[in-house]
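Heads up: the structure comes next, in structure tokens.
Every chain is numbered from 1, with letters handed out A, B, ... down the list of sequences. Values below: all heavy atoms of this structure, side chains included; hydrogens, waters and symmetry mates excluded.
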2 protein chains.
Amino acid sequence: MSSTVKTLELLSYFSPARPEIGLSQLCRLAHRDKATTHRHLQALEETGFVERNAASRRYRLGPVVLQLAQIREHTVPRKTSARAALIQLCDATGETAHLSVLSRKTLYVFDSCKSPDHGGREIMDVQSFPLHATASGLCALAFGSPSLMKIALDALTPFTAQTVTTAEALLQNVQTVRDTGFSYADRTFKDDIYGIAVPVFDKMGAFAGAVTVSVACAARRDDPEITECTQQNLVIASREITRNWGGVVPDALEEAWAKSLPPSQILESSA
Amino acid sequence: MSSTVKTLELLSYFSPARPEIGLSQLCRLAHRDKATTHRHLQALEETGFVERNAASRRYRLGPVVLQLAQIREHTVPRKTSARAALIQLCDATGETAHLSVLSRKTLYVFDSCKSPDHGGREIMDVQSFPLHATASGLCALAFGSPSLMKIALDALTPFTAQTVTTAEALLQNVQTVRDTGFSYADRTFKDDIYGIAVPVFDKMGAFAGAVTVSVACAARRDDPEITECTQQNLVIASREITRNWGGVVPDALEEAWAKSLPPSQILESSA
DNA sequence: CGTGAATGGTTCATATAGTGAACCACTGAT
DNA sequence: ATCAGTGGTTCACTATATGAACCATTCACG
């Protein structure tokens, strides 16, 4: 392993929870030698990737990362990087894929990729997703701010016969989403539409939105093989979008996914 | 020089204008060997600092920089880093210092640091700065979006006898600001207040706001030594805030400052 | 449809730069 | 006064970086 890689790996020990790190502490965290780590930090300081807090003498991330982030955002805007993942998801499943993002207290459609099977026909012709009745919405309730639940409970509109309209049932559904890592909306918003969704994150475990696959033909929803394929591709899409948005998939969610799905090469290769 | 530093320097060749760079092109830009540069890029790719555009096979900044930027922003918020520079400016000049930021089409007071000389008395008790009558406003007109000039010309309110109220005079003043790198407001907004300001930038040459020193005692405005000291400290503050906000001071402005001020150790040490 | 000039990428002998145990200097708590 | 922490440095040792020369593709052009 090159010394550069070792040096850059040091940066991964900084986080909102641990914004400043002293030399000795960093050596302990990284299981590294003190002299070497010190020289690594000097290289990072020289290039502006870290700077020192004059008071505590500890190291923290430097301003250079802000510049690089602005260039990255300009180079690969959110929409562009998300679209690539959405197209891949669409191709892999043959179904319509949506990406919704949370703005204030509402889930808006951010981008979508229609299944060629539907001949370009819109099967989800809405601008925003109700929290209690859609797969995306359940993701928001399960992984987003707790305050969203209050909003959802105040508007339990019954869209179809299957729509969940009681607080008890909704809370139980949301808990299942947290436990399994997937949310399902079986004709709860539109008749004949079955949705499966997973959340995406834009920073250290902060919910940003949800990727959904909407299946128009409800007959296919019971085929376990197709469902599993869809779930695996959703996980891939969520990881990809989260990564491209500078976010981190929470460990708890990765564990939930691992439990929900049988071991597979695709899932294991995420390291 | 360590190989890590050489590797990290490669990242500085990416910019909004040059978001993707091929191996050979990067070698030319950095005057580096191809084999070495290739290995450097591999280290950067391994750690997520660069990634490759699948289509063009060229390199671009990777998503890791977004994560680091979020942690940096959390660690050192804009206000915190700006305040430190403002306090230093205030201490060095003994005068009241303001930092204003441009939001939409208005310059708002972002933070201020009162001179101890004034005994905590507010000498600039406003929430926003008129573009045509304040030192901050002239900076915005000189270095901000050209569309600001239209807004300024539509509201040439005469605050004092010295306020510039004609388009010709304003345009000429703004040109002087561009040429010298400093803007002056000699009792144009408030009687007995003399302001000197410099701009700050939050990304690649994009105007973000202005740092102003406001002198209450107009008698001191003619002392060239004090003015020069103020200017030097303004330059230091602008560089510091711009750096901490992930911005870059345009080369043209650095040149203007160099011409306006006699050579000094403080200014030379910015490399 | 060769040809030349780009491109990205690899090899390997050379020697430069990285490594880490042991060390020093300082601070603050007991 | 001592000890357990810091951050930082030294220097013999060797692992790692280096770059001229190399290969493999692609692409524009006559």
Distance check needed: D:dA20 P versus B:Arg32 CZ, whole Å only.
14 Å
Atom-pair distance (NE2 on A:His31; C1' on C:dT19), nearest Å
19 Å
Please give, in whole Å, the distance from D:dT25 P to B:Arg58 CZ?
22 Å
Within the structure shown, what part of the strands sits under 4.0 Å from A:Arg52 by heavy-atom distance: base, sugar-phosphate, or nothing?
sugar-phosphate
Atom pair distance, as rounded to whole Å: CG in B:Leu8 and P in D:dA17
13 Å
With respect to B:Val65, which candidate in A:Leu68, A:Val65, A:Val64, A:Leu66 satisfies the side-chain contact (heavy atoms from CB on, under 4.5 Å) definition?
A:Leu68
Closest to the A:Arg28 side chain: D:dA17, D:dT6, C:dG9?
D:dT6
Heavy-atom nearest nucleotide on DNA chain D for A:Gln42 versus A:Met1: which residue maps closer to 5'?
A:Gln42
Using whole Å, what does the distance between atom P of nucleotide C:dT7 and atom CG of B:Leu41 come to?
15 Å
Tell me whether A:Thr7 contacts the main-chain N or O of A:Ser3 through its side chain, where contact means a donor paired with an acceptor under 3.5 Å.
yes
Length of the CG-P vector between B:Asn53 and C:dG8, whole Å:
13 Å
Nucleotide nearest B:Ala35 (side chain, heavy atoms from C-beta), chosen from C:dT10, C:dT19, C:dG9:
C:dT10
Kindly say whether B:Val249 contributes a backbone atom to a donor-acceptor pair with the side chain of B:Arg239 at under 3.5 angstrom?
no
Touch class at under 4.0 angstrom, heavy-atom based, for A:Thr36 against every strand present
base
Please work out which residues in residues 17-27 of chain B have a non-hydrogen atom less than 4.0 Å from an atom of DNA chain D and list them by number.
none
Can you measure B:His40 atom NE2 to C:dG18 atom C1' for me and round it to whole angstrom units?
13 Å
Does either side chain, that of A:Ser214 or that of A:Thr212, offer a donor lying less than 3.5 Å from an acceptor on the other one?
no
Ignoring backbone atoms, establish whether B:Tyr59 has a side-chain N or O less than 4.0 Å from OP1 or OP2 of C:dG9.
yes
Considering only NZ, NE, NH1 and NH2 on the basic side and carboxylate oxygens on the acidic side, decide whether B:Arg32 and B:Glu9 come within less than 4.0 Å.
yes
What's the closest nucleotide to the B:Arg39 side chain, out of D:dG19, D:dT9, D:dT16?
D:dG19
Let's see if you can work this out: which of D:dG19, C:dG9, C:dA21 has an atom nearest to the side-chain heavy atoms of B:Arg57?
C:dG9
side-chain hydrogen bond (donor to acceptor under 3.5 Å, both in side chains) between A:Ser56 and A:Glu20: does it pass, once the steps are laid out?
CA-CA 9 Å; A:Ser56 67; A:Glu20 292 190 348; 3.1 Å; yes
Is there a side-chain polar atom (N or O) of A:His38 under 4.0 Å from OP1 or OP2 of D:dG7?
no
Let me know the distance between NZ of B:Lys34 and P of C:dT11, rounded to the nearest Å.
14 Å
Shortest non-hydrogen contact between A:Tyr59 and A:Phe14, atoms and distance:
O-CE2, 3.2 Å
